[in-house]
Amino acid sequence: MELVSLFLQKVSVFALPVIFAITLHEAAHGYVARFFGDMTAAAAGRITANPLKHIDPVGTILVPLVILLTSKLLGGGAILFGWAKPVPVNFARLRRPKQDMLWVAAAGPGINFVMAVFWALIIQLAIALQSGFFSKPMEYMGAAGVFINVILMALNLIPLPPLDGGRIAVSLLPYRAAAQYARIEPYGLFILLGLMFTGVLGIIMWPLMSLFIGLVALVTGLEPEQLVGLIQVVLS
């Protein structure tokens, strides 16, 4: 019974940060694609902050819940992640496909950084409230929000197609090298899973996550150790 209660508490802390981190990430891709001339996402009604338009039942709900449950049952932390329904982008319709691809791809991690800063400011507000009834829940939800957005930033900036970092790399490489590199995309998911199961993914991501947590702390005036400590509490 106690385990169920702890699990429900963790779900309540992570639910909103996970849903908005994933869905606004996708909406940002569509918004920037429209700005640069591709109306595909706009025509599909996907440029919206409404989570219902972006939620994937498996990637947005089931996978994060399973990770939370298994990490609680096994008594350890885990890299919480998930995905939404990808926003359709037709790069050929961009005004300058190769150059504009960079900004469309960078929009997702960019909005995750903005959201991480927002959740860190929620922590600041909770600290200001001190012993208020909502202060601790706000503090923990803020820490969860920083954590999930930092994870999505770090994961998506790995230069592996079809991740955002892979798109950015293709945009920056010379045409011939970019065409060769883009051929990796059909195998990208399998490579990512291989990195995950061998533990290499964590080795790549943790330094990036530490860097982003430090940047969020710097922008919002929090101490990095304080922010890391709160994240460890919500993951425990």
With a 4.5 Å limit on heavy-atom distance, are the side chains of M101 and F36 in contact? no

| query | Side chains of W103 and F35: does their closest heavy-atom pair fall under 4.5 Å? | reply | no

Heavy atoms of A107 and V32 approach each other most closely as CB-CG2, 3.4 Å

task = Ignoring hydrogens and angles, state whether a donor on the side chain of D38 or T40 is under 3.5 Å from an acceptor on the partner side chain.
result = yes

Nearest heavy-atom contact between A92 and P97 is O-CG, 4.1 Å

CD1 of I151 to CE of M205, rounded to nearest 0.5 Å, is 5.5 Å

d(L24 CG, F118 CZ) to nearest 0.5 Å is 10.5 Å

TODO: Mark yes when over 12 heavy atoms from residues, nucleotides or ligands other than F212 sit less than 6.0 Å from its CZ; otherwise mark no.
DONE: yes

Are any non-hydrogen side-chain atoms of L201 and I158 less than 4.5 angstrom apart? yes

* Can you find a side-chain donor-acceptor pair between H25 and N149 that sits under 3.5 Å? -> no

Just list the side-chain donor-acceptor pairs under 3.5 Å for residues 220-227, sequence neighbours left out, or say none.
residue : atom : partner : partner atom : Å
T220    : OG1  : V216    : O            : 2.7

| message | Under 4.5 Å between side-chain heavy atoms, counting indirect links through other Ile/Leu/Val/Met/Phe/Trp/Tyr residues: same cluster for F197 and L189 or not? | response | yes

Q. Would a hydrophobic clustering, with Ile, Leu, Val, Met, Phe, Trp and Tyr connected at side-chain separations under 4.5 Å, put L121 with V219?
A. yes

Nearest heavy-atom approach of I231 to A143 is CG1-O, 3.7 Å

For a side chain to side chain contact (heavy atoms under 4.5 Å, CB included) check, start with the C-alpha distance between M141 and M138, then their side-chain angles and the critical distance, and finish with the verdict. CA-CA 5 Å; M141 185 174 287; M138 284 173 61; 5.9 Å; no

Rounding to 0.5 Å, atoms CG (L102) and OG (S171) come to a distance of 4.0 Å

Given the rule that I, L, V, M, F, W and Y join up when any side-chain heavy atoms are under 4.5 Å apart, are M39 and I47 in one cluster? no

Rounded to the nearest 0.5 angstrom, the CZ-CG distance for F147 and L152 is 10.0 Å

Closest heavy-atom pair, Y181 versus G166, reported as atoms and distance to 0.1 Å, is CE2-O, 4.3 Å

Review point. Could you walk me through whether F14 and V234 pass the side chain to side chain contact (heavy atoms under 4.5 Å, CB included) check?
Key: CA-CA 9 Å; F14 274 94; V234 298; 4.3 Å; yes

The test is side chain to side chain contact (heavy atoms under 4.5 Å, CB included); show your working for L192 and L163 and say whether it passes. CA-CA 10 Å; L192 188 65; L163 297 177; 4.3 Å; yes

Quiz item: Does any non-hydrogen side-chain atom of N112 lie less than 4.5 Å from one of V150?
Solution: no

Looking only at heavy atoms, the pair that brings V87 and A41 closest together is CG1-CB, 3.3 Å

In this structure, CZ of R46 is separated from OG1 of T23 (nearest 0.5 Å) by 10.0 Å

Do I127 and V146 share a hydrophobic cluster (ILVMFWY, side-chain heavy atoms under 4.5 Å, transitive)?
yes

In terms of heavy-atom contacts, A21 and M115 come closest through CA-CE, 3.5 Å

Q | Side-chain heavy atoms of R167 within contact of V104, under 4.5 Å | A | no

Open item on the list: Could you check whether any side-chain heavy atom of I111 comes within less than 4.5 Å of a side-chain heavy atom of Y31, counting everything from C-beta outward?
Closed with: no

*asked:* Under a 3.5 Å distance rule, please check whether K98 uses its side chain to pair with a backbone N or O of P174 as donor and acceptor.
replied: no

So CG of L155 and CG of D164: to nearest 0.5 Å the spacing works out to 9.0 Å

- Could you walk me through whether V233 and E139 pass the side chain to side chain contact (heavy atoms under 4.5 Å, CB included) test, one step at a time? CA-CA 10 Å; V233 169; E139 205 170 341; over 6 Å; no

